[in-house]
Protein chains: 2
Amino acid sequence: MTRVLVVDDEPQIVRALVINLRARTYEVDAAHDGATALRLAAARHPDVVVLDLGLPDMDGVEVIRGLRGWTRVPILVLSARHSSDEKVEALDAGADDYVTKPFGMDELLARLRAAVRRAEPAGGGEDDVIVETGEFTVDLAAKKVNRAGKDVRLTPTEWHLLEVLVRNSGRLVGQKQLLREVWGPSYGTETNYLRVYMAQLRRKLEADPSHPKHFITEPGMGYRFEK
Amino acid sequence: MTRVLVVDDEPQIVRALVINLRARTYEVDAAHDGATALRLAAARHPDVVVLDLGLPDMDGVEVIRGLRGWTRVPILVLSARHSSDEKVEALDAGADDYVTKPFGMDELLARLRAAVRRAEPAGGGEDDVIVETGEFTVDLAAKKVNRAGKDVRLTPTEWHLLEVLVRNSGRLVGQKQLLREVWGPSYGTETNYLRVYMAQLRRKLEADPSHPKHFITEPGMGYRFEK
DNA sequence: GCCGTCTTTGACGCAACCCTGACGCGCCCG
DNA sequence: CGGGCGCGTCAGGGTTGCGTCAAAGACGGC
């Protein structure tokens, strides 16, 4: 299921978008100002953001920058401004597309499909979705972890953390980066969260949780997943 | 260098695009019909395609399908048609963006930058920066050091120091500069820190730590990393 | 409205890291 | 020939960071 975050301060536009998107089986969140948008994006991790530039509390471009600080989620900008400069500024700040109001719903939906399609896993063949270690198997597509023939139950946060680590398999992931990707952009210092959840992951997946072979701590820097 | 393939049958538009793109140091190929476009795309592997839909020999959407059969290169469609159906068809066929003529050059270039930026890490980007010596290997992206098949554990400060030296491989790095980059801007005279940590790096990485071959001291000036 | 699960927060012991000072050595210069 | 400077080495102590446990708070389902 594709999750969309709609950000606009005009209720009728939000309503129209929400109705049309839900009818096409998208999962939709809505925000009416920039602060809510950033919070919702961090909490819900949408697959695409539809963003009106004319927000009451902050400049739309600032919202784009706020998102781009920690995520590459596609951003589709809506705006009543036709000026070329506005478009250039928004696109260069990190937006993926720019649609001027009034817009045709069919076109918007097509652009949204294009943005989502593009963001899908690269490469036509799905080969790296499953990662295996000597003790357990992670299926990134199915969001499943198997160990000794049985599925392991992970909480959302545990899974999210595991996913980030596995996607960077072999590479060191800094604690700040982990916190931002899992808990949201405003988290960067709460390293105790990491300690707690790394311990839970190790307890569920490692053969000997107190001597981990796959979830390795690099003191002072971050964590690393090794096959 | 970013390579762009421009496809349009109107010579003045091609000329305008080529001039503007070359002025911004893009590498540009041009085609005036669909067959040439497909051939050039296969031969030159552009990083982005700018495609006019009104071609003399074949339907523009067919060109999109022809490209999408084997590549995910970003496609930016140009068209004189404002109809919503046309846009939807092109986008659903695999186009990444749709700009109607007449278009502003600034906007087009911004959309082009957005398309290229988006494709960068997934496409041809090599992110593994690996430096090898006869005795050990440094992977700057993964923050990993390998020696004789085994990973070497470095503390944050050791790694930081190593990173600065390796990034300036072959060049002399002054002690003041090293201190500032690793310990912070207020440090500049504590050369004893350097001595201690250089010794640890050499002990962990050099074959004969007391006669270093890669971490070379330039007395009174600084240190140099040699492969 | 209650209950179970997940998340957040705090406290504690322990290990690792960073800083510091002392000492020896080689080189340059007086 | 002797002194000084800069560099390499070593070991100890203060501090930070990590793992672990437990309990309170938030959230959602029945």
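Below, read A as the first sequence line, B as the second, and so on, with proteins coming before strands; counting in each chain starts at 1.
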- Item | Closest to side chain of B/Val196, choosing from D/dC7, C/dT7, C/dG21 | C/dG21

- Message: Using the side-chain heavy atoms of A/Pro156, tell me which of these nucleotides is nearest: C/dT20, D/dG19, C/dT7.
- Response: C/dT7

- Rounded distance in Å - CG (A/Leu194) to C1' (D/dT16): 16 Å

- Task: Counting heavy atoms from C-beta on, name the nucleotide in D/dC7, C/dC17, D/dC18 closest to the side chain of B/Thr155.
- Result: C/dC17

- Side-chain donor-acceptor pair under 3.5 Å between A/Asp208 and A/Ser210, yes or no? yes

- Item | Nearest-angstrom distance from the residue atom CG of A/Asn192 to P of D/dT16 | 16 Å

- Message: Please determine whether side-chain contact (heavy atoms from CB on, under 4.5 Å) holds for the pair B/Val145 and B/Leu205, giving the CA-CA distance in whole Å, both sets of side-chain angles, and the decisive distance to 0.1 Å.
- Response: CA-CA 9 Å; B/Val145 183; B/Leu205 299 178; 3.5 Å; yes

- Nucleotide C/dC25, atom P - distance to NE2 of B/His211 in whole Å: 15 Å

- Answer with base, sugar-phosphate or nothing: what part of the nucleic acid does A/Trp159 contact at a heavy-atom distance below 4.0 Å? nothing

- Query: In whole angstrom, what separates A/Leu201's CG from D/dG19's P?
  - Reply: 12 Å

- Selected nucleotide, minimal atom distance to B/Tyr223 side chain, candidates C/dT20, C/dC19, D/dC7: D/dC7

- Nearest-angstrom distance from the residue atom CE of B/Met198 to C1' of D/dG8: 11 Å

- Message: Closest approach to the side chain of A/Arg202, judged atom by atom: which nucleotide of D/dG19, D/dT9, C/dT7 is it?
- Response: D/dG19

- Task: Please tell me which of the listed nucleotides, C/dC19, D/dG8, D/dC18, lies nearest to the side chain of B/Tyr197?
- Result: C/dC19

- Message: Could you tell me how far apart B/Glu190 (CD) and C/dT20 (C1') are, to the nearest whole angstrom?
- Response: 12 Å

- Item | Minimum-distance nucleotide (side-chain atoms of B/Tyr193 versus D/dC18, C/dC18, C/dT20) | C/dT20

- What is the distance, rounded to the nearest whole Å, between atom NE2 of B/His160 and atom C1' of C/dC18? 15 Å

- Note on the structure: Rounded to whole Å, CZ of B/Arg153 lies from P of C/dA16 at a distance of 8 Å

- Heavy atoms under 4.0 Å, any strand shown: does B/Ser210 hit a base, just sugar-phosphate, or nothing? sugar-phosphate

- Message: Salt bridge check, B/Asp106 against A/Lys87: does any charged N sit closer than 4.0 Å to a carboxylate O?
- Response: no

- Would a line drawn from the ring center of B/Trp70 to the ring center of B/His45 be shorter than 6.0 Å? yes

- Query: Using a cut-off of less than 4.0 Å, is there contact between a side-chain N or O of A/Trp183 and OP1 or OP2 of C/dT8?
  - Reply: yes

- Query: What pair of heavy atoms forms the shortest contact from B/Leu172 to B/Arg224, and how long is it?
  - Reply: N-NH1, 3.9 Å

- Query: Which part of the nucleic acid does B/Gln200 contact within heavy-atom distance under 4.0 Å: base, sugar-phosphate only, or nothing?
  - Reply: nothing

